[in-house]
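Along the sequence shown, residues are numbered consecutively beginning with 1. Computation of the quantities below employed the complete heavy-atom set of this structure, encompassing side-chain atoms and omitting hydrogens, waters and symmetry-equivalent molecules.
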Amino acid sequence: MKLFHRISFVSVASLLHLTSGQEVKCVEGGYALEFDGECNSENFKLAIAGIFNREYECSNTFDEELRLQLDLPVTASDDEVNSAIRRICKIAWDNYDTVPFKRAHRKKGQFEQIYYNGGTYWNEEVETLLETGERTNYLKEDTIQVYEFYETLAQSSQVEWPGYLPNFDLDKCELNAAMCCWPQDRQAGDNNGNCAKPYDENCYDKDPADNTDLCYVDMTRSPHTNKLGETGYMTFPLDNSNGEGAVHCHGFAWSNDEYDFTSRYKGNNLFYVSMYDHMRRRGYVRNIPGAPMCACIEQMPTVTRADCTQIDVDESYRIEYNDRTKKFNAELTKVVVDFNACQGRYNQNNDLFAYYLQLAKDRKVSFDQSAEIYKYLVEDNNCDEATNYYMAEKGLKPGFNHDEAVWFKVAGSNQLHKNEIGREGFREMLKENGELQIVWRVCTSCTKPSHQQIFYRRLTLVPDEMDLLDMLLNSWTNTSNVEGIDFKLYSTFDDAVNDENAWNFYAFDEDKGFPANSGPYEQDKNQHRKFSSNSGQENVAFYVMKSRIEGGIVPYAGDGLVNGIDIGNPLRPGDALIKNGAYYVTAAGDGIGGRSDQFYFLQEPPVSVGEDITLTTYISSFQTKGKYSKAGLMIRESNGSNSAYILCFLGKDRDVVAQWRGTTGNRSSVSTYTWTYVTEPTWLKLSKTGNTYTCSKSQDGSEWVEIKTKSLDMKLSTVYVGMALTADSSSRYGEAVFENYKRVSS
C-alpha cells in the first residue's frame with residue numbers, strides 16, 4: 001500500500017476558545033477529511049491534525065481533542081482510539097461496491113468452473129490455419145474481454161472473490177493462498193514457453209517455462225474438480241525431461257484480516273494471475289491430471305515452489321463528520337491497483353513460500369499457517385522427502401519387490417538402500433551360480449525403460465585380483481571385462497539365460513558406474529550411478545541369484561556361534577555372509593583405538609572372566625583401503641565404545657599387532673610393528689590365562705610366533721570374545737574373511 005501525503009479538510013464550522021478542565025471539543029461543526037493512502041490511524045490523525053489549529057487558544061491537547069472528536073473520553077487508551085478509527089474505515093470498505101468476477105470473462109453457465117478445472121476452449125484449443133489461410137482459435141481475439149477488463153476495472157476497482165466456486169470456497173481456504181499450475185503453452189511469440197510458429201508444426205503439446213518440480217497429486221484434495229475420481233494419488237519422481245516435463249506454478253496469498261488490502265483485492269490478484277498474466281499474455285493452459293488448474297492451495301498438487309504476485313494499491317478516502325447526527329461517514333473514492341512480483345522474506349522475491357513467510361513475520365498470517373503451507377510448497381530438492389513422507393502416512397514404503405527366495409540384494413542406494421557386501425563374498429556368490437553368473441541391476445529412477453532392469457551375464461570366472469562389484473558400482477571399465485568375451489548385457493532375465501537379444505552398444509568410463517553410456521542399440525547417457533560419490537541416478541540396486549548348492553554362501557542370520565553387533569554406532573552398519581563356517585564380514589567404523597572404538601563385532605555370548613580362553617582364526621582375505629583398518633580377535637570387557645579390551649589383529653600393510661585399553665575410558669596402546677605394505681593371509685591366536693593375555697601369529701596354524709603378552713585386569717564378571725573388523729572409515733567398507741574360528745576354554 002503506497003502512501004501519498006495529500007491531506008485536506010473543508011467545512012470547519014467553528015473553533016471555540018475553551019478553558020481547561022472542560023471535556024468539550026475545540027472543533028465544532030461538520031467537516032470533511034480527504035487523504036491518499038491506506039485508511040488507518042496514522043493517516044486519519046494526520047488529516048484531523050490539519051483542523052486542530054493550535055494558534056487558537058484551545059486548552060485541549062491534540063490527543064485529547066482527537067478522542068473527543070471520536071466521541072471517546074479523553075482518558076481513552078490508544079487501542080480504543082485505533083479501534084474507533086478502524087470502525088470509521090470499515091464504513092468505506094463495507095460500502096464499496098465490488099465488481100462481479102464474471103465481468104472479467106463475460107461467459108455464461110459453468111464456464112468459470114470448467115476453466116479453472118483446466119477445460120473450455122481457452123485451455124484446450126491451439127491456433128491453427130484453415131484451408132483458406134485464415135487463422136482460427138486465435139487466443140488474443142478469443143480473450144479480448146480479458147484484456148479490456150485488465151485495462152479498466154482490474155486496475156481501478158475492487159474485484160469480487162469468486163467464493164461461489166468450489167475451487168475458491170473461503171471456508172476451505174484456511175491458508176489464505178491460491179495457486180495455479182500449468183503444464184502446457186499454447187501461444188507463440190510472447191517469449192514465454194516453447195510454443196512457436198507455424199502453430200500446426202511447432203505448437204503441439206508445448207511446454208511453459210519450467211519453474212518447479214511436481215512432487216505428487218492427492219486427488220482427495222479436490223474431489224469435485226477432477227475427472228479421475230475422488231480418491232487416489234499420483235507421484236512424479238525426477239524432474240523436467242527426466243520426469244513430469246515442464247510445469248509452471250504461480251500463486252499469491254493474503255492476510256487473515258479481511259479488511260487488509262491484500263484480502264480486499266485478492267479477487268483482482270486471482271484475475272491477473274489466472275486469466276491475464278498467464279493465460280492471455282503467456283498462453284499457459286491446462287491442469288495437472290487429478291488436480292484443478294487453479295484453486296486454493298489446499299486443493300493443489302504438492303510442488304517445490306511457485307512464482308508469486310503481490311497487490312500494491314493506491315487508495316483515496318473522504319471522511320465526513322456530520323454535526324447534526326454526530327457521526328462519521330467514510331467513502332473510498334479512488335483505487336489504483338498495481339501487480340508486482342512478491343517481495344519475500346530473506347530477500348527472496350517472486351517466490352510464494354518466501355512471501356508467505358513475510359506475511360507471517362508481519363503477523364498477517366499465523367506461524368502455524370506458515371508451517372502448514374510447507375505441505376504444498378516443499379522448496380527445491382525436497383520432492384523425494386515430501387513424497388516419501390506422504391506415502392509413509394498411507395502405510396507405503398518406496399522400494400522394489402524382488403523374489404527373496406531367488407535373488408539377494410548385494411548393494412543399493414536411496415529408496416533401494418542396501419549396504420554392499422564385500423568383494424570376496426560377491427565373487428563367491430556369483431561363482432556358485434555356475435554357468436548362470438548373472439547380476440541384475442534395477443534402477444527405479446531411470447527414465448529409459450531399457451535401463452530400468454539390466455542383466456549382466458558373466459561368461460568367464462572373475463579373476464582373483466578383480467573387484468567386479470566395485471567396477472559395477474563405481475568404475476565401469478573393460479579390464480578383464482571385455483564385451484562378448486567376459487560378459488554380455490540383456491534387458492530381460494530370459495534373454496540372459498537363453499543368450500538372446502544381447503545389447504549392441506557398449507561404452508566404458510572409469511568415472512561412472514555400470515553401465516556408463518551403454519545401451520541396447522546406441523549410446524544412452526545419464527542412466528548410471530556412482531555409489532562412491534553418491535552421484536547419478538538415485539534409486540539403484542544390484543542383485544545376485546542365491547546359491548543353488550547345498551552349503552553355499554548365504555547371509556548370516558546370527559543364529560550360530562556368534563552374533564553381530566555394531567560397537568560405537570558406526571554410520572554404516574556391519575554385516576556378514578557365511579559358507580561352511582567361514583564368515584565373510586563387511587564393516588565400516590572410524591577405528592579401534594584412542595579412548596573409544598567404532599567397529600563390527602561378531603561376538604559369542606558372555607564368558608566368565610575367570611575362565612581361561614584360547615581363540616584362533618585364519619584370515620584368508622582382507623580387502624580394505626583404510627590405513628588403520630583392522631581385522632582380528634578380541635576379548636572385551638563390555639560393549640561400551642570406551643570399554644577395556646585386548647585385540648590381536650592383522651592390519652592393512654602391517655604385520656600382526658596387539659592393541660589394548662587397560663581401563664575403560666583410558667587411551668589404547670599397541671605393540672611394536674613394522675609397515676610391510678603387504679597384507680598376507682594369516683593365522684591369529686589370542687589366549688587368556690588368568691589376567692595374562694597373549695597375541696600370536698602363524699602361517700600354518702601349528703607353529704606360533706608370539707607378538708605380545710600383556711597383563712590386564714578386566715573389572716566385570718564376564719567378558720565378550722569374538723572377531724572384530726573396522727574399516728577406519730565411517731563411509732567406506734572393509735571386508736575380511738574369517739575361517740576356522742574356534743574358542744577353547746579350560
Verify, without hydrogens or angle tests, whether [X] (side chain) and [Y] (backbone) share a donor-acceptor contact under 3.5 angstrom.
X	Y	result
R345	A360	no
Y356	L175	yes
N322	R324	yes
W161	L270	no

Are [X] and [Y] linked by a side-chain donor-acceptor pair shorter than 3.5 Å?
X	Y	answer
Y259	D94	yes
S274	Y116	yes
Q537	H451	no
N167	Q113	yes
T262	D260	yes
T128	D200	yes
H105	Q145	no

Item checked: Residues D169, Y164; criterion side chain to side chain contact (heavy atoms under 4.5 Å, CB included); working and verdict -> CA-CA 6 Å; D169 182 355; Y164 48 83; over 6 Å; no
How are the rings of [X] and [Y] set to each other: parallel, tilted or perpendicular (split at 30° and 60°)?
X	Y	answer
H248	W182	tilted
Y31	Y321	parallel
F339	Y150	tilted

Note to self: I'd like to know whether D257 forms a side-chain hydrogen bond (donor to acceptor under 3.5 Å, both in side chains) with S255, so could you lay out the CA-CA distance, the side-chain angles of the two residues, the decisive distance to 0.1 Å, and finally the verdict.
What the structure shows: CA-CA 5 Å; D257 179 0; S255 171; 5.2 Å; no
Next item on the list: Please identify each residue that fulfils ring-ring contact (aromatic ring centres under 6.0 Å, His included) with Y376, with sequence neighbours left out.
Entry: none
Next item on the list: Measure SG to SG for C249 and C180 and state whether it is below 2.5 Å.
Entry: no
In Å and rounded to the nearest 0.5 Å, what is the [atom1] to [atom2] distance from [X] to [Y]?
X	Y	atom1	atom2	value
Q110	N117	CD	CG	10.0 Å
F271	M279	CZ	CE	8.0 Å
N176	I297	CG	CD1	11.0 Å
D185	H278	CG	NE2	11.5 Å

Notebook entry, point to check: Going by heavy atoms in the side chains, are C39 and W93 under 4.5 Å from each other?
Noted result: yes
Next item on the list: Quick one: which residue pairs count as a ring pair (Phe, Tyr, Trp, His ring centres under 6.0 Å) with a foot in residues 128-147, not counting sequence neighbours?
Entry: none
Of the non-hydrogen atoms in [X] and [Y], which two are nearest, and what is the gap between them?
X	Y	value
M234	M219	CE-SD, 4.5 Å
E538	N414	O-ND2, 2.7 Å
T136	L130	CG2-CD2, 3.8 Å

Checklist line | Partners meeting side-chain hydrogen bond (donor to acceptor under 3.5 Å, both in side chains) with D351 (sequence neighbours left out) | finding: R305
